[in-house]
Amino acid sequence: MAAGRVEIVEVGPRDGLQNEDRVLSVAEKIELIDRAVAAGIRRIEAVSFVNPKRVPQMAGAEEVMAGIDRGAGASYIGLVLNRRGLDRALTAGVDEVNVAIPATDEFCRRNQGCTVEEMLGAYDDIAKAASSAGMPVSVTVSTAFGCPFEGETPPERVAEIARRAAASGAVEIALADTIGVGVPRQVSDLVRRVRAVAGGARLRCHFHNTRNTGYANALAAVENGVTVLDSSVGGFGGCPFAPAATGNIATEDLVYMLHRSGVETGTGLTALTDLGAWLGARLDKAPPALLGRAGAFPA
């Protein structure tokens, strides 16, 4: 059954920036986050507690968390990949942590320096410590729809990772099309498989528009009952460890599609479009988002 309301998780400050040549200042990152909240976004993947030597775009996580407006009623998510990252996230005061677990070994080795099984073990340790601290944990299953190194990802493998993540306490599981190879029928199949094993964990989807299927996939997810979608303002993004991975689906284009389809998001389309243009100016490139070029049609 299609959802009547969808929650947008804005991933621009993390996934949107991690593959860009220009590194934004801490002040610019704070402005990006605060303006997204002002546009109605209530969950934001704000920072990443990874080694800044590997991903320099993510440096300054603690300073960003210290500078954002915490009185706006939004929930701020930090990406963590190990216990050190979790400790930093807890000290910085995030509201949620997200752990990325690739579905394929080769991508996991290149992105995180370990196998999938080793990453699942690291996640178990993170989940236990987070639970003790009262911190909600979500899991993103990356390369769930396909891998740049191993090709097709078996759906059974994705479902098993999701099952283990839920069993260890994940409150939400995101299915991520890291390189944008998925199609709507695949979305329907994976959502069905994961829902069957996820217990009480919510489902979320994360799409890239590499092959112009990202928005169709988002609509397929909604029509299959998914109520949480990731997107990046302006359509910026990509993965530095995935060859030819292009941007996330754009928040403003996603909101336009959902509003015109009768699905509420609680966000302001004009403010999001303006923010996408602002971010493009900071990155010195045109936003991939269509609304940034064509103007915001009332929705």
Is it the case that [X] and [Y] place a side-chain donor and acceptor less than 3.5 Å from each other?
X	Y	answer
Thr210	Thr246	yes
Ser168	Asp124	yes
His206	Thr140	no
Asp105	Thr115	no
Asn224	Ser188	yes
Glu96	Ser75	yes
Asn248	His208	yes

Is there a side-chain contact between [X] and [Y] in this structure, where contact means two heavy atoms from C-beta onward sitting under 4.5 Å apart?
X	Y	result
Ile8	Leu258	yes
Met135	Val94	yes
Thr104	Phe149	no
Val116	Phe107	no
Val99	Met119	yes
Val137	Val171	no
Phe49	Leu79	no
Glu7	Arg202	yes

message: Quick check on the hydrophobic clustering: are Val141 and Val183 connected, directly or via other members, by side-chain heavy-atom contacts under 4.5 Å?
response: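 No; Val183 is not reachable from Val141 via cluster members.
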query: Linking I/L/V/M/F/W/Y whenever their side-chain heavy atoms sit closer than 4.5 Å, directly or via other members, would Val139 and Val197 fall into one cluster?
result: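 Different clusters: Val139 never reaches Val197 through Ile, Leu, Val, Met, Phe, Trp or Tyr contacts under 4.5 Å.
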Smallest separation among heavy atoms of [X] and [Y], with atom names:
X	Y	value
Ile249	Ala218	CD1-CB, 4.1 Å
Ala250	Ser231	C-CB, 4.2 Å
Thr213	Gly182	OG1-O, 2.8 Å
Arg5	Gly266	NH2-CA, 3.6 Å
Gly238	Asp15	O-OD1, 3.3 Å
Val23	Pro56	CG1-O, 3.9 Å

Has the side chain of [X] got a donor or acceptor atom that lies under 3.5 Å from a matching backbone atom of [Y]?
X	Y	value
Tyr123	Ala170	yes
Ser131	Ala127	no
Asp189	Arg185	no
Glu252	Leu275	no
Arg157	Ala103	yes
Ser138	Glu172	no

field: Inter- and intrachain pairs under salt bridge (Lys or Arg N to Asp or Glu O under 4.0 Å), touching residues 279-290, at least two apart
entry: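 The answer is Glu20-Lys285.
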query: side-chain contact (heavy atoms from CB on, under 4.5 Å) between Glu10 and Arg42: does it pass, once the steps are laid out?
result: CA-CA 8 Å; Glu10 174 58 51; Arg42 288 297 173 263; over 6 Å; no
- prompt: Which is it for Val158 and Arg193 under the side-chain contact (heavy atoms from CB on, under 4.5 Å) test, yes or no, and what are the steps along the way?
  reply: CA-CA 9 Å; Val158 176; Arg193 290 173 184 267; over 6 Å; no
Atom pair [atom1] ([X]) and [atom2] ([Y]), whose distance is rounded to the nearest 0.5 Å:
X	Y	atom1	atom2	result
Thr143	Leu175	OG1	CG	11.0 Å
Arg84	Asn51	CZ	CG	8.5 Å
Thr251	Leu279	OG1	CG	10.0 Å
Leu290	Met257	CG	CE	12.0 Å
Asp253	Leu291	CG	CG	4.5 Å
Leu219	Phe207	CG	CZ	10.0 Å

message: With a sphere of 6.0 Å drawn around CZ of Arg54, does it hold more than 12 non-hydrogen atoms of other residues, nucleotides or ligands?
response: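 Yes - once you tally the heavy atoms of other residues, nucleotides and ligands closer than 6.0 Å, there are more than 12.
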- prompt: Who else is in Val11's hydrophobic cluster (ILVMFWY, side-chain heavy atoms under 4.5 Å, direct or via others)?
  reply: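 Result for Val11 is Val9, Ile77, Val228.
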Using the salt bridge (Lys or Arg N to Asp or Glu O under 4.0 Å) criterion, which residues pair with [X]? Sequence neighbours excluded.
X	result
Asp230	Arg204
Arg110	Glu106
Glu62	Arg88
Glu160	Arg163

field: Leu269 and Tyr256: CA distance, side-chain angles, deciding distance, side-chain contact (heavy atoms from CB on, under 4.5 Å) verdict
entry: CA-CA 7 Å; Leu269 185 55; Tyr256 172 83; 4.1 Å; yes
message: Please determine whether side-chain contact (heavy atoms from CB on, under 4.5 Å) holds for the pair Ile33 and Tyr76, giving the CA-CA distance in whole Å, both sets of side-chain angles, and the decisive distance to 0.1 Å.
response: CA-CA 9 Å; Ile33 293 166; Tyr76 298 98; 3.5 Å; yes
task: Go through Lys29 and Asp34 one step at a time and tell me if the salt bridge (charged side-chain N to carboxylate O under 4.0 Å, His left out) criterion holds.
output: CA-CA 9 Å; Lys29 293 175 183 177; Asp34 286 348; over 6 Å; no
query: Do Arg109 and Glu118 sit within salt-bridge range, that is, some charged N less than 4.0 Å from a carboxylate O?
result: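 No, Arg109 and Glu118 are not salt-bridged.
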message: My understanding is that only one of Val26, Leu32, Leu24 makes a side chain to side chain contact (heavy atoms under 4.5 Å, CB included) with Glu28; could you say which?
response: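 Going through the options one by one, the only one that passes is Leu24.
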